[in-house]
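Each remark here refers to the structure printed beneath this line.
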Amino acid sequence: IVFGGPPLGGLGASGIHEATSGDVGGAAPETSANARNLRRARKRAEARGETPGATAAAAAAASTGGCVVLVREDCRLHDNPALYHAAETFAWILPLYIHDDAEPSPWPVRGAGLWWRHESLKYFDASLRRLGIGICYRRGIYIEQLADVLLETGAMALYFNRQLEPWHILRDRELEAFVKSLGIQVRSFKAMVAAFEPWETKRQKKEPKERLDDPLPSVVRQLKGPPAGAVSMDLLDLGYDRTMGRKIPPNFRQFNEKRQQMKEAGCQSDPREDDWAYEMKQFWRVGEHAAMQRLEEFIKDAAWGCYFPPDLHPRDTAGGRFRADKRWTAILSPYLRFGDLSPRYVYARCRETLPFDLRRLFTKRVVWRDKAYAQLFRWPDSHTVSIRPHYEHEQWSGTRLALRRWQRGETGFPLVDAAMRQLWKVGWMCNHLRHVTAQFLIEHLDLSWKDGFAWYDYTLVDTDVAINAMMWQMGGHSGIGAWNFVMHPVYAGKKVDPEGAYVRRWLPELAHLPVEYIHCPWEAPAGTRISASVLINGVYWQRVIEDLIAARKVHQRNVIAVRKKFPECVAKDGSEIVHLPTGQTLKLEVRDDIRENEEDKITLMMTPDDPRSSLRRNLKTTKGVHTGLIYDETKRFEAMYDVDF
């Protein structure tokens with residue numbers, strides 16, 4: 001992918017956030033409110049003896065003037081360029097958060113992500129108040145609310161950190177042009193990425209690598225607010241913390257109105273039953289301090305080797321970062337998503353404390369976030385439209401009932417169900433399980449990646465349109481990249497949860513099953529299931545599908561039917577071609593077994609992990625020299641009769 005070239009609207013990188021009114025096709029729309037605000041700004045500037053936009057006068061008055069700093073996905077004191085430079089330059093600061101009633105995003109933050117935003121804002125507000133200022137909260141049309149606050153306080157400047165989604169970039173251009181037309185200084189900063197913003201040109205192979213920017217120090221000195229003050233809502237009035245409701249709602253609602261009213265009226269209720277975010281609130285500690293602590297914990301684990309890939313981990317051949325039953329993955333994604341933690345700080349801290357071999361895998365994934373935003377910037381509708389357009393014609397045979405069971409964690413496959421229930425209860429699961437659950441939905445249930453995208457967007461605390469779109473499109477064969485593997489829901493369980501601790505944590509109805517059956521309870525003898533209080537379709541669900549190979553073949557036929565219908569999109573070597581609006585073409589990889597265009601040939605198969613075979617589990621308590629002898633006999637028996645355990 002070439003990340004250079006003209007961004008949205010034809011502006012070069014230098015024009016994105018330094019645009020004048022002429023750059024965006026004229027000033028903001030001329031409404032009576034805009035005209036009135038402009039007249040008031042000019043009169044205020046004339047009363048000070050200034051000419052609007054006079055940089056020398058603005059610099060001279062900065063020692064007594066003030067600055068409004070927009071609060072976005074940057075709820076932190078460390079590495080916050082807009083806040084840091086405003087604090088260094090102006091006599092007073094007003095942090096401003098605006099809830100946009102005309103939010104331009106097709107996927108505004110909701111569900112678990114909205115609860116996290118509330119907690120993040122609350123913690124950041126408390127941090128600022130310890131420095132002497134607080135956040136001003138407003139709700140309405142974004143630019144109108146901003147203009148009101150700027151004129152109400154008499155601010156000389158507006159500082160903000162740039163957002164990365166295409167719709168927010170366009171909004172920033174509009175507000176920047178309008179605020180400049182008021183004679184107020186505007187500065188924007190790079191703060192949301194580790195390495196590059198979406199519109200920055202990709203480095204060519206022959207060019208030397210540039211060192212990543214160092215994070216800025218934390219703002220720690222006492223600050224002053226505006227002398228005139230500004231009218232502010234209370235954070236609670238925004239309603240981000242409303243989470244009352246039982247179980248999983250059918251229509252992506254934020255809360256149950258009746259139960260929320262009962263809570264606000266002071267009625268007694270059991271939060272374990274009546275608050276869908278109850279376990280989420282117990283699981284997470286939100287805010288900058290908690291993010292820093294979690295980063296240090298992860299660095300210690302990484303230094304021990306817990307983030308190694310398979311076969312390199314000093315204590316576990318499954319690979320620490322793949323383990324579902326351990327906290328060996330970073331668990332930093334929501335802190336990065338909502339700005340409690342700076343990606344540049346994470347990268348720099350890992351570089352300071354870990355040798356290259358121990359940090360490489362993780363820091364590469366931190367930079368991958370930047371690539372996801374770059375992809376969304378180039379394909380702004382990739383959250384709902386396939387990047388490989390021929391896949392918009394794919395037929396999906398899955399049912400709404402199967403989707404519902406997947407969402408609720410009722411598929412009958414313990415690893416998938418445990419992951420989906422963890423997702424609903426705490427708003428998160430590790431990356432490896434996101435692959436498992438996504439591929440089960442697409443490859444086995446034959447349901448569209450768009451259904452999975454919508455559910456993840458609603459239930460993840462780290463909900464992110466760019467990252468979700470990139471990953472779900474890859475899983476659905478329609479993205480820039482392609483996953484060259486298919487997870488088996490049983491064999492993957494034996495790999496990432498070898499003793500069944502993770503499944504028992506999230507599926508307590510299976511807690512008493514022996515370890516050899518924890519990932520395949522249907523194979524347990526009836527007596528074993530009864531003694532473990534497991535009754536299929538009574539206590540635990542019947543499998544939504546029983547023949548996984550047949551299910552995969554159904555999906556593969558639908559994929560290959562698309563490739564045969566659009567032969568002009570398939571290259572001679574089996575890869576696929578996408579034609580760009582610029583006239584260029586992209587040659588994209590496909591999964592190996594799809595490349596061959598054979599409907600019934602399934603070549604990518606996950607196999608049982610030999611060190612974790614059920615026979616070996618049964619010998620766990622065997623003592624002495626007999627252990628090796630019995631195990632050797634077991635393997636000889638398997639080879640002789642080709643028994644599939």
Side-chain angles (χ1 to χ4, degrees), residues 7-62 64-72 81-82 85-86 89-90 92-104 136 138-163 166-189 199 226 228 230-231:
L8 294 173
L11 284 178
S14 62
I16 292 229
H17 291 288
E18 296 297 331
T20 64
S21 58
D23 290 327
V24 292
E30 276 296 324
T31 64
S32 58
N34 289 343
R36 183 178 65 253
N37 290 338
L38 184 57
R39 288 194 300 271
R40 289 168 60 187
R42 287 172 177 164
K43 288 180 180 179
R44 179 164 51 82
E46 292 170 0
R48 295 196 301 263
E50 300 171 6
T51 301
T55 56
T64 57
C67 179
V68 170
V69 178
L70 293 180
V71 177
R72 295 166 157 195
H85 289 295
T89 307
F90 294 94
W92 60 261
I93 297 174
L94 179 65
L96 173 64
Y97 176 82
I98 303 173
H99 175 92
D100 192 351
D101 284 342
E103 169 62 51
C136 174
R138 289 294 189 98
R139 181 170 194 157
I141 304 302
Y142 203 90
I143 293 180
E144 291 180 5
Q145 292 299 319
L146 175 59
D148 285 346
V149 171
L150 288 170
L151 298 174
E152 188 178 337
T153 59
M156 297 180 57
L158 171 69
Y159 282 14
F160 61 88
N161 296 317
R162 294 188 283 269
Q163 292 181 290
W167 37 87
H168 289 145
I169 293 171
L170 294 174
R171 184 177 68 182
D172 283 354
R173 291 182 191 172
E174 183 182 350
L175 75 85
E176 191 169 352
F178 176 71
V179 172
K180 283 183 176 180
S181 73
L182 299 179
I184 296 174
Q185 177 193 357
V186 182
R187 284 191 67 188
S188 64
F189 301 89
W199 48 87
V231 177

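Quick note: residue numbers are just sequence positions, from 1. Here the structure is a predicted model, which is why all the values come from computation and not from measurement.
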Out of curiosity, [X] [atom1] to [Y] [atom2], how far, rounded to the nearest 0.5 Å?
| X | Y | atom1 | atom2 | result |
| --- | --- | --- | --- | --- |
| Arg187 | Phe160 | CZ | CZ | 11.5 Å |
| Cys67 | Leu158 | SG | CG | 6.5 Å |
| Asp148 | Arg138 | CG | CZ | 6.0 Å |
| Asp101 | His99 | CG | NE2 | 5.0 Å |
| Ile184 | Leu151 | CD1 | CG | 6.0 Å |

Nearest atoms (heavy-atom pairs only) where [X] meets [Y]:
| X | Y | value |
| --- | --- | --- |
| Val186 | Val179 | CG2-CG1, 3.4 Å |
| Tyr159 | Ala82 | CD2-O, 3.6 Å |
| Gly65 | Phe90 | O-CB, 3.8 Å |

Would you say Gln185's side chain and Met156's backbone share a donor-acceptor pair under 3.5 angstrom? no
Is a side-chain donor or acceptor of Arg72 paired with a backbone partner of Asn161 at a separation under 3.5 angstrom? yes
With Tyr142 via ring pair (Phe, Tyr, Trp, His ring centres under 6.0 Å) - residues at least two apart: none
Heavy-atom side-chain contact between His168 and Glu103 under 4.5 Å: yes
What I'd like to find out is whether the side chain of Trp167 reaches to under 4.5 Å of the side chain of Ile169, using heavy atoms alone. no
Test of understanding: with side-chain hydrogen bond (donor to acceptor under 3.5 Å, both in side chains), list the residues that count as partners of Asp100, not counting sequence neighbours. Arg171
Just to verify, which of Leu146, Thr153, Val71 counts as forming a side-chain contact (heavy atoms from CB on, under 4.5 Å) with Leu96? Leu146
Passing option when Ile141 is tested against Gln145, Glu144, Arg139 for side-chain contact (heavy atoms from CB on, under 4.5 Å): Glu144
Measuring centre to centre across the rings, with the benzene-like ring taken for any Trp, is Phe189 within less than 6.0 Å of His85? yes
Looking at Asp172 and Arg162, does any basic side-chain N land under 4.0 Å from a carboxylate oxygen? no
